[in-house]
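So the structure is just underneath, and the comments pick up after that.
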2 protein chains.
Amino acid sequence: MNIGDVSTRSGLPAKTIRYYEDIGLVKPLRGKNGYRTFREQELHKLAFLGRARALGFTIEDCRRLMALYDDDDRSSSDVKRVAEEHLAYINAKIADLKSMSNTLSHLIEECSGDNRPDCPILEDLGGQQASN
Amino acid sequence: MNIGDVSTRSGLPAKTIRYYEDIGLVKPLRGKNGYRTFREQELHKLAFLGRARALGFTIEDCRRLMALYDDDDRSSSDVKRVAEEHLAYINAKIADLKSMSNTLSHLIEECSGDNRPDCPILEDLGGQQASN
DNA sequence: GCTTGACCTTCCCCCAACTGGAAGCTTTAA
DNA sequence: TTAAAGCTTCCAGTTGGGGGAAGGTCAAGC
């Protein structure tokens, strides 16, 4: 398989696949024309990577997870720990974003959105006390 | 005011303040020793930037918001639009993260987390059908 | 006056995880 | 034969700064 086929079948852009090779996540063979040659094995790894990335795992997490995947003597607790740490990170991020969303929603609600200059959004950003 | 004072008073790292000058968000004067000299005006702008960034606005959004802030003839509708677009972006991101969080939570729940290798998390990432 | 330490300057590289594009092969289809 | 499509490497850019080096400046203490 050339990179184009693997790209189609894995759903990952060719650029990304080359990048993953660069950083040592996959190691395709090379044909005598210099083209990368992928086996099912690499396709499978790339699909794994695609799914892990879609769950938001960092590249370094992916590296760890793949190492565990390849290790028949792994403990599921090691996998679980990686996942739990990532979940905590995601949940923290959700909390941050929700806080922003709440603040923004309130400000937007109060803004008349007409052609006058008065705007509680800018007042808030400008640090002025609300004039009530 | 030198950059250190402004940093303390605005809560922004000196590095960040220099960066904001680099990209044209603030334009402090210069003393004859080459030091940046900030007036209350710049401090105020930096505080504005800090608050806008804390709400997740991109630098380019901040640039637009500051321009509107400085424009006495603005329409609050312009401000509102920027804020609404940003809110939509944030809410989309929250939805993405929640989806990840849900998937991860389920997988983690099913993982025994012991010293055996069997792990539904890896099975899922590996793309295998769950053996139910 | 001198030294020391804090503060300031510019400059350049680094981060994540790619993406875009240029220049130049190879392969394939017409 | 030739044109298009596909592949290669390499370099630069993205966001929003952070780290740190090399060097100038300032204020305090002696």
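Keep in mind that this is a model prediction, so the values were computed, not measured. Chain letters run A, B, ... following the sequence lines, proteins first and then strands; every chain starts at 1.
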*Taking CZ from B:Arg53 and P from D:dG18, how many angstroms apart are they, rounded to a whole number?*
10 Å
*Does the side chain of B:Phe38 come within less than 4.5 Å of B:Asn2's, by heavy atoms?*
no
*Rounded to whole angstroms, how far apart are CG on A:Asp5 and P on D:dC7?*
7 Å
*Can you tell me how far P of C:dC8 sits from CG of B:Asn33, to the nearest Å?*
10 Å
*Without swapping roles, check the side chain of A:Ser99 against the backbone of A:Ala95 for a donor-acceptor pair under 3.5 Å.*
no
*Starting at atom NZ of A:Lys32, determine the distance to atom C1' of D:dC7, rounded to an integer number of angstrom.*
16 Å
*Output the distance between atom CG (A:Leu65) and atom CZ (A:Phe48), rounded to the nearest 0.5 Å.*
5.5 Å
*Out of curiosity, B:Arg51 CZ to B:Ser10 OG, how far, rounded to the nearest 0.5 Å?*
10.0 Å
*With DNA chain C as reference, determine whether A:Glu60 or A:Tyr35 sits nearer its 5' end, using the nearest nucleotide of each.*
A:Glu60
*Transitively linked via ILVMFWY side-chain contacts under 4.5 Å: B:Leu25 with B:Leu12?*
yes
*Touch class at under 4.0 angstrom, heavy-atom based, for A:Ile3 against every strand present*: sugar-phosphate
*Counting only non-hydrogen atoms, which of residues 10-22 of chain A are less than 4.0 Å from DNA chain D?*
A:Lys15, A:Arg18
*Answer with yes or no whether the side chains of A:Ser76 and B:Asp114 bring together a donor and an acceptor at under 3.5 Å.*
yes
*Starting at atom CE of B:Met1, determine the distance to atom C1' of D:dC26, rounded to an integer number of angstrom.*
19 Å
*Calculate the interatomic distance between B:Asn2 atom CG and D:dG24 atom P; express it in whole Å.*
19 Å
*Nearest-Å distance for atom pair CZ/P, residues B:Arg36 and D:dT25*: 15 Å
_What is the distance, to the nearest angstrom, from the CZ atom on B:Phe57 to the P atom on D:dG16?_
13 Å
